[in-house]
Protein chains: 2
Amino acid sequence: MLAFLRAAPYNSGMAQDFNQIKKKALALHKKSHGKFAITSKVPLRNRADLNLVYTPGVGAVSSYVAAHQKEAREYTMKGNSVAVVSDGSAVLGLGNIGPLGALPVMEGKCLLFKKFANIDAVPIVLAAQDTEEIIATVKAIAPAFGGINLEDISAPRCFEIEERLKQELDIPVMHDDQHGTAIIVLAGLLNALKVAEKNLSRAKIVISGAGAAGVAIAKLLKQAGAKNILLTDRQGIIVAGRKGLSGIKAELARMTNPARERGDLTNALRRADVFVGVSGPNIATDTMVRSMNERAIVFALANPIPEIMPDAAKRAGALMIATGRSDFPNQLNNSQVFPGVFRGALDHRVRAITDTMKLRAAGAIAALVPRPTPTSIVPDMFDRRLVPTVAAVIR
Amino acid sequence: MLAFLRAAPYNSGMAQDFNQIKKKALALHKKSHGKFAITSKVPLRNRADLNLVYTPGVGAVSSYVAAHQKEAREYTMKGNSVAVVSDGSAVLGLGNIGPLGALPVMEGKCLLFKKFANIDAVPIVLAAQDTEEIIATVKAIAPAFGGINLEDISAPRCFEIEERLKQELDIPVMHDDQHGTAIIVLAGLLNALKVAEKNLSRAKIVISGAGAAGVAIAKLLKQAGAKNILLTDRQGIIVAGRKGLSGIKAELARMTNPARERGDLTNALRRADVFVGVSGPNIATDTMVRSMNERAIVFALANPIPEIMPDAAKRAGALMIATGRSDFPNQLNNSQVFPGVFRGALDHRVRAITDTMKLRAAGAIAALVPRPTPTSIVPDMFDRRLVPTVAAVIR
């Protein structure tokens with residue numbers, strides 16, 4: 001049996017389901033030779049069509065666009081296109097599997113862009129993992145695109161790459177693992193806190209994982225008014241004065257953990273109100289969840305295997321549980337966010353996705369579920385209101 | 001009236017037609033916001049589909065492909081995709097109009113790839129015109145693609161860019177303006193010589209234009225057995241010892257013009273059998289064509305305005321005339337070549353397009369017209385035999 005079909009330390013039935021899905025996914029991809037295809041928006045049946053689509057007619061369009069660059073969005077794909085760019089350094093929970101390994105995910109992502117937001121997205125997987133090379137490459141290929149979606153690029157490089165590209169390009173650039181995730185977590189949390197009758201500014205929120213997602217979640221929750229956030233990484237709680245803190249982690253130490261708590265995840269979760277896991281499979285135990293405050297909120301978002309399985313968290317007393325998966329209630333996944341964000345950015349010709357937009361997007365998603373319950377805190381990915389609602393506030 | 005809608009120094013009726021085409025092309029592109037769109041090869045209707053196309057199922061595909069890189073073509077778009085790359089430095093006859101100006105042409109090209117060869121091609125227009133930057137960018141984005149089609153990159157940079165990428169990538173790289181053009185010119189010439197009852201090795205062949213196309217045509221005709229080739233550029237006939245010859249032109253001087261003829265295009269065409277124009281509009285006159293040998297062959301391929309209009313060449317005594325346009329008989333256009341070349345390269349997993357393949361492709365195209373006439377030397381672009389015939393010999 002193939003190595004990647006083993007794994008799945010689930011309770012029996014689930015493991016079988018999951019292995020079934022894996023096998024089916026492999027068979028489907030092999031049969032169709034991938035998923036991404038192109039098509040034409042205009043007819044191309046005969047010579048008369050060809051005269052307009054290609055030479056000589058296209059020459060007039062090229063001359064016009066060259067002379068009126070601002071109108072390129074009207075006459076070319078640029079008005080509706082996004083490049084989905086990855087270097088394959090942090091693909092799903094699979095780690096640094098390189099560009100070819102990343103490609104199936106990026107193709108999938110492009111199909112979601114099309115399905116949910118009618119955006120024509122193109123997978124670009126890079127044979128380069130150097131920060132400067134990635135920046136140079138994305139800048140070089142940017143002209144055909146109305147936006148850049150960075151994907152599955154590992155921390156800390158992802159922060160500089162996104163920041164620099166935002167400064168240097170005049171189209172929106174978003175690292176989805178950061179901001180897509182942060183927006184949906186905030187949306188879910190706003191409604192979860194409502195159900196639990198807790199308050200964002202007073203809640204103790206523990207985020208396990210200080211990679212791309214953890215950092216962005218911490219920053220956005222803080223922007224939204226959270227005051228007591230703790231992050232943990234492999235060395236434990238991030239706290240000012242911890243040995244070897246530098247860069248983004250030093251910054252996190254300054255902006256989080258006001259009580260200067262020390263220790264590991266077990267210590268962190270004691271009397272916590274919210275657990276947000278964006279780290280790895282099975283790192284949280286029943287005991288840890290039991291040590292949380294009453295009406296605990298558990299977002300175990302590691303994919304495909306969460307930090308703690310929903311049934312275990314439930315048994316340990318959590319009021320509500322969300323995961324990143326579509327086979328449990330309360331899926332929190334950046335797929336609920338990125339199609340709408342880029343739809344809005346393209347429609348409103350936004351040059352950058354700001355923090356204000358992110359906060360508004362989270363609020364708008366939460367507002368789609370006016371009476372949240374423990375098993376329903378955010379709209380389903382297939383909810384047709386989702387994309388237009390998010391798109392409307394990205395301006 | 002817009003500048004690019006003027007021009008067209010044609011005889012009246014034609015100029016009107018051409019302006020109509022330009023207006024229609026602009027209107028069509030504006031209405032549809034460009035031409036390029038993406039689609040899915042697999043169903044994406046519900047959560048069950050999503051589980052296979054995206055997480056969690058796609059993770060199995062990513063792991064598998066990462067561990068079995070040679071099978072990437074089976075499981076991803078790589079098996080059927082081509083990047084159409086341009087820096088916008090030599091777009092049609094429009095010159096250096098930059099990446100946005102090039103984009104309508106590249107989108108059109110991608111549609112031809114799809115229409116004629118069912119290849120999923122992606123337009124990549126570059127905000128970079130430096131040789132090293134272009135090479136680095138193409139190498140960086142190569143993993144998702146099964147081939148690289150370079151397009152509308154000016155000489156002499158195009159030669160080094162193609163050569164280096166061929167050496168450094170393990171997928172086929174072809175600069176279409178060079179080799180697509182050279183292959184269709186050779187195909188047309190083989191049949192034209194048959195009609196004119198002339199012999200390739202003895203014919204005097206004059207090529208006006210020593211850019212990408214002219215250089216590649218000269219080299220391929222030479223490979224095919226032509227012995228008396230002259231090239232002209234803005235300074236006149238390229239001849240050994242001419243002042244300031246360097247690089248590719250010095251090479252051309254060594255391999256062409258055995259009689260060391262000197263002078264301009266007028267001198268060159270005297271007693272020539274074949275004129276191949278890949279230069280610019282209206283540079284050849286009736287008088288020049290009249291000075292050619294009996295049963296002269298005139299390929300006036302500048303686009304959209306040929307070196308001499310077909311009716312004028314005819315009146316001056318040419319036996320047969322070809323252009324690059326679809327509104328005259330004998331269209332010679334790289335669109336008759338590149339879809340089949342890349343279809344073959346993808347199907348047969350060819351790592352590089354060799355000279356032998358190019359010669360075979362030209363021969364195969366010519367053989368599709370077993371009884372050529374002055375108005376029919378190559379198959380129509382819409383001839384369904386064309387792509388499979390070319391593809392079959394690219395191996």
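Per chain, numbering begins at 1; letters A, B, ... match sequence-line order.
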Among B:Ser40, B:Gly108, B:Pro99, B:Ala128, the residue with the most heavy-atom pairs under 4.5 Å to chain A is B:Ser40
When the 4.5 angstrom heavy-atom criterion is applied to A:Met381 and chain B, the contacting part is both
Honestly, the part of A:Leu50 sitting under 4.5 Å from a heavy atom of chain B is side chain
Per-residue tally against chain B (heavy atom, under 4.5 Å) across A:Ala83, A:Pro56, A:Pro143, A:Ser335 peaks at A:Pro143
Minimal heavy-atom distance between B:Ala37 and A:Asp120, with the atoms involved, is CA-OD1, 3.3 Å
Per-residue tally against chain B (heavy atom, under 4.5 Å) across A:Val65, A:Val125, A:Val91 peaks at A:Val125
Closest non-hydrogen contact found for A:Leu94 with B:Gly59 is CD1-O, 3.6 Å
Highest number of heavy-atom pairs under 4.5 Å with chain A among B:Ala136, B:Gly79, B:Ala121 belongs to B:Ala121
Turns out that what part of A:Asn333 lies under 4.5 Å from chain B's heavy atoms comes down to side chain
Per-residue tally against chain A (heavy atom, under 4.5 Å) across B:Val138, B:Ile119, B:Asp380, B:Asn118 peaks at B:Asp380
(request) Using the side-chain contact (heavy atoms from CB on, under 4.5 Å) rule, take B:Phe36 and A:Thr76 through it: C-alpha gap first, then chi angles, then the decisive distance, then the call. (result) CA-CA 8 Å; B:Phe36 176 90; A:Thr76 74; over 6 Å; no
Paired with B:Leu28, the side chain to side chain contact (heavy atoms under 4.5 Å, CB included) test is passed by just one of A:Asp49, A:Val61, A:Val42, namely A:Val42
Okay, B:Ala72 and chain A: the region with an atom under 4.5 Å from a heavy atom over there is side chain
Review point. So, does A:Ser62 use its side chain to make a donor-acceptor pair with the main chain of B:Gly101 at under 3.5 Å?
Key: yes
From the list A:Asn80, A:Leu103, A:Leu92, A:Val85, the residue making the most non-hydrogen contacts under 4.5 Å with chain B is A:Leu103
If one checks every heavy atom of B:Ile124 against chain A at 4.5 Å, the contacting part turns out to be side chain
Inset, instruction - Decide yes or no for B:Ile38 and A:Cys110: does some side-chain heavy atom of the first lie under 4.5 Å from some side-chain heavy atom of the second? - result: yes
Applying a strict 4.5 Å limit to non-hydrogen atoms, the region of B:Lys109 in contact with chain A is both
Under 4.5 Å to a heavy atom of chain B? For A:Gln129 that would be neither
Taken to the nearest 0.5 Å, the spacing of B:Gln331 CD from A:Thr55 OG1 works out to 8.5 Å
Under 4.5 Å to a heavy atom of chain A? For B:Ile141 that would be both
NZ of A:Lys35 to OG1 of B:Thr39, rounded to nearest 0.5 Å, is 13.5 Å
Most contact-rich option vs chain B, by heavy-atom pairs under 4.5 angstrom, among A:Ala67, A:Ala142, A:Pro104, A:Ala144, is A:Pro104
Assert top hit (heavy-atom pairs under 4.5 Å, partner chain A, pool B:Lys114, B:Glu71, B:Lys31) equals B:Lys114
Highest number of heavy-atom pairs under 4.5 Å with chain B among A:Phe113, A:Phe145, A:Tyr54 belongs to A:Tyr54
For A:Arg73 and B:His33, the nearest pair of non-hydrogen atoms, with its separation, is O-ND1, 3.6 Å
Counting heavy-atom pairs under 4.5 Å with chain A, the top scorer among B:Gly88, B:Ser32, B:Gly324, B:Gly93 is B:Ser32
Closest heavy-atom pair, B:Thr137 versus A:Ala140, reported as atoms and distance to 0.1 Å, is OG1-CB, 3.5 Å
Taken to the nearest 0.5 Å, the spacing of A:Arg45 CZ from B:Phe382 CZ works out to 10.0 Å
**Message:** For B:Leu44, is there any backbone N or O sitting under 3.5 Å from a side-chain donor or acceptor partner on A:Lys115?
**Reply:** yes
Any sub-3.5 Å donor-acceptor pair from A:Lys24's side-chain atoms to B:Leu52's backbone N or O?
no
Item to complete: Would you check if the side chain of A:Glu107 reaches a backbone N or O of B:Met77 as a donor-acceptor pair within less than 3.5 Å?
Response: yes
dist A:Asn51:CG -> B:Ile21:CD1 (nearest 0.5 Å) comes out at 4.5 Å
Under 4.5 Å to a heavy atom of chain B? For A:Ser81 that would be neither
Under 4.5 Å to a heavy atom of chain B? For A:Leu126 that would be both
CD of B:Glu74 to NE2 of A:His29, rounded to nearest 0.5 Å, is 13.5 Å
Separation between CG (A:Leu111) and NZ (B:Lys41), nearest 0.5 Å, reads 10.5 Å
Whatever's closer than 4.5 Å to a heavy atom in chain B on A:Val105 counts as both
Most contact-rich option vs chain B, by heavy-atom pairs under 4.5 angstrom, among A:Ala127, A:Gly57, A:Ala48, is A:Ala127
